[in-house]
Novice: 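Here it is, the structure, as structure tokens.
Not measured: the values here are computed from a predicted model.
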Amino acid sequence: MTEEKVVDQDIEQQKDFNEADANPSCEGESCANMAEDAEQESATMSEEPESSEEVANEPQAEPSAEEVIAIWRDKYMRLQAEFDNYRKRTLREKMDLVASGGADVIKSMLSVLDDMHRAVAASEKSDDITALREGERLVLQKFEEALRQKNVTEIEAQDKEFNPDFHEAVARFAAGDDKKGLIIDVVQRGYMLGDKVLRYAKVVVGE
């Protein structure tokens with residue numbers, strides 16, 4: 001009997017030891033630290049930042065009416081300033097072009113003016129009509145050549161059909177059926193600058 005009691009006592013002690021190891025009482029600081037670590041880990045997981053997709057999908061605040069008005073006012077002021085600068089620049093370029101073009105034409109006429117002065121001086125000292133006429137003809141040819149270099153051409157009118165786009169009728173004259181509608185006399189020559197009429201030719205039209 002004594003041996004059986006000793007064996008039963010050992011078995012009971014072994015059971016108590018196994019239950020204590022499997023289910024610790026968590027008394028003391030070690031179990032408290034374990035609980036705190038678990039709470040911190042769960043809190044850290046809950047505080048993780050939102051993904052980039054969620055941030056991108058968040059609606060952005062629309063600008064207010066005052067901000068929109070300010071933006072369009074700034075654009076309008078900039079556009080107005082650019083247009084004003086463009087207008088001033090083109091006007092200045094146009095004035096410079098007109099001034100330089102006029103100076104170029106006048107410069108080309110100066111040589112013709114010199115020839116006219118020489119012709120007048122020669123006519124005062126000579127009685128040779130033939131030589132004077134030849135000098136005048138040469139001056140006229142030089143003047144016409146200077147005009148042609150500036151793209152100025154004479155409008156053909158004599159014996160041509162009347163065209164109101166180039167001719168201005170100052171009179172009508174009975175000239176027979178073969179001259180009806182034709183220009184029978186040129187009162188004043190007309191000229192063109194390129195494709196533009198500088199001066200209409202004043203003519204007499206037959207009827």
Side-chain angles (χ1 to χ4, degrees), residues 68-207:
V68 173
I69 292 173
I71 292 172
W72 282 105
R73 181 183 291 112
D74 180 69
K75 290 182 178 180
Y76 171 75
M77 296 299 292
R78 290 176 181 273
L79 182 62
Q80 187 180 29
E82 290 178 1
F83 176 76
D84 189 54
N85 292 334
Y86 168 77
R87 182 180 60 81
K88 291 179 180 179
R89 184 174 62 255
T90 53
L91 181 61
R92 183 170 59 253
E93 291 175 354
K94 185 176 181 180
M95 293 176 63
D96 293 341
L97 181 62
V98 171
S100 60
D104 186 54
V105 171
I106 293 173
K107 185 177 179 180
S108 64
M109 297 295 105
L110 293 179
S111 60
V112 179
L113 180 63
D114 294 337
D115 290 339
M116 293 181 66
H117 282 297
R118 283 192 286 268
V120 171
S123 65
E124 293 176 352
K125 298 178 181 178
S126 175
D127 294 332
D128 189 351
I129 303 299
T130 304
L132 293 176
R133 289 176 178 176
E134 181 65 19
E136 291 175 353
R137 187 180 63 81
L138 292 175
V139 173
L140 178 61
Q141 290 179 351
K142 187 173 183 179
F143 183 64
E144 290 177 344
E145 179 62 25
L147 290 177
R148 278 194 294 269
Q149 291 178 358
K150 301 304 176 183
N151 203 21
V152 177
T153 56
E154 182 180 349
I155 296 175
E156 295 183 0
Q158 187 67 41
D159 296 329
K160 300 293 182 179
E161 186 176 355
F162 177 77
N163 187 344
D165 292 334
F166 305 102
H167 309 134
E168 179 183 352
V170 296
R172 291 185 177 274
F173 187 80
D177 293 338
D178 57 337
K179 294 289 186 178
K180 187 175 182 179
L182 298 181
I183 297 173
I184 61 176
D185 190 20
V186 178
V187 178
Q188 186 179 69
R189 298 173 186 269
Y191 295 93
M192 297 185 65
L193 177 61
D195 296 332
K196 182 180 179 181
V197 176
L198 283 178
R199 188 178 71 182
Y200 291 92
K202 294 183 179 181
V203 297
V204 177
V205 183
E207 60 179 7

Novice: With sequence neighbours excluded, tell me which residues meet side-chain hydrogen bond (donor to acceptor under 3.5 Å, both in side chains) with Arg89.
Specialist: none
Novice: Check whether any side-chain heavy atom of Val203 sits under 4.5 Å from a side-chain heavy atom of Val170, and report yes or no.
Specialist: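 Not touching, per the 4.5 Å side-chain cut-off.
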Novice: Minimum heavy-atom separation for Ala157 to Val186, with atom names?
Specialist: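 Looking at all heavy atoms of both residues, the shortest contact is CB-CG2, 3.7 Å.
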Novice: Output every pair passing side chain to side chain donor-acceptor pair (under 3.5 Å) with a member in residues 151-179, not counting sequence neighbours, ordered by first then second residue.
Specialist: Glu154-Arg189
Novice: Do the side chain of Asn85 and the main chain of Ala81 share a donor and acceptor less than 3.5 angstrom apart?
Specialist: yes
Novice: Can you find a pair of side-chain heavy atoms, one from Tyr76 and one from Gln80, that are under 4.5 Å apart?
Specialist: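 Result yes, sub-4.5 Å side-chain heavy-atom pair found.
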Novice: Under 4.0 Å between a Lys/Arg side-chain N and an Asp/Glu carboxylate O for Arg118 and Asp114?
Specialist: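 Salt bridge flag = no for Asp114 with Arg118.
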Novice: Hey, mind stepping through Asp96 and Arg92 against salt bridge (Lys or Arg N to Asp or Glu O under 4.0 Å) and telling me if it holds?
Specialist: CA-CA 6 Å; Asp96 293 341; Arg92 183 170 59 253; 5.3 Å; no
Novice: Enter the distance from Thr90:OG1 to Leu97:CG here, rounded to the nearest 0.5 Å.
Specialist: 12.0 Å
Novice: Checking Ser108 side chain against Val105 main chain: does a donor-acceptor pair fall under 3.5 Å?
Specialist: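 Between the backbone of Val105 and the side chain of Ser108 there is a qualifying donor-acceptor contact (under 3.5 Å).
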Novice: Which value, rounded to the nearest 0.5 Å, describes the distance between Ile184 atom CD1 and Glu207 atom CD?
Specialist: 9.0 Å
Novice: Who passes side chain to side chain contact (heavy atoms under 4.5 Å, CB included) against Ala169, sequence neighbours left out?
Specialist: Phe162, Val205
Novice: Could you tell me whether Tyr191 atom OH has more than 12 heavy atoms of other residues or ligands within 6.0 Å of it?
Specialist: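 Yes - once you tally the heavy atoms of other residues, nucleotides and ligands closer than 6.0 Å, there are more than 12.
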Novice: Heavy-atom count check: over 12 atoms from other residues, nucleotides or ligands less than 6.0 Å from Lys150 NZ?
Specialist: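 Counting other residues, nucleotides and ligands, NZ of Lys150 exceeds 12 neighbours.
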Novice: Could you tell me the separation between the CE atom of Met109 and the NZ atom of Lys142, rounded to the nearest 0.5 Å?
Specialist: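 One gets 10.0 Å once the value is rounded to the nearest 0.5 Å.
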Novice: So, using side-chain hydrogen bond (donor to acceptor under 3.5 Å, both in side chains) as the criterion, who are the partners of Asp74 when residues are at least two apart?
Specialist: Arg78
Novice: Looking at Met192, I want to see if its CE is surrounded by more than 12 non-hydrogen atoms of other residues, nucleotides or ligands under 6.0 Å.
Specialist: yes
Novice: Looking only at heavy atoms, which two atoms of Ala146 and Val112 are closest? And how far apart?
Specialist: CB-CG2, 4.5 Å
Novice: Quick check for you: to the nearest 0.5 Å, what is the distance between Tyr86 atom OH and Leu91 atom CG?
Specialist: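 If we round to the nearest 0.5 Å, Tyr86:OH and Leu91:CG are 11.5 Å apart.
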Novice: Going from CD1 on Ile71 to CD1 on Ile69, what distance comes out if it is rounded to the nearest 0.5 angstrom?
Specialist: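 Going from the CD1 atom of Ile71 to the CD1 atom of Ile69 covers 10.5 Å.
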Novice: Could you go step by step and tell me if Leu138 and Asp115 meet the side chain to side chain contact (heavy atoms under 4.5 Å, CB included) rule?
Specialist: CA-CA 9 Å; Leu138 292 175; Asp115 290 339; over 6 Å; no
Novice: Within the structure provided, determine whether Arg87 and Asp84 are in side-chain contact (heavy-atom separation under 4.5 Å).
Specialist: yes
Novice: To the closest 0.5 Å, what do you measure between CE (Met116) and CZ (Phe143)?
Specialist: 8.0 Å
Novice: Mind listing the closest non-hydrogen atom pair of Val197 and Phe166 along with its distance?
Specialist: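 Shortest heavy-atom separation between Val197 and Phe166 comes out as CG2-CD2, 4.0 Å.
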Novice: For Glu145, which residues count as a side-chain hydrogen bond (donor to acceptor under 3.5 Å, both in side chains) partner, sequence neighbours excluded?
Specialist: Arg148
Novice: With sequence neighbours excluded, what pairs up with Arg137 under the side-chain hydrogen bond (donor to acceptor under 3.5 Å, both in side chains) test?
Specialist: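 Here the qualifying residues are Glu134.
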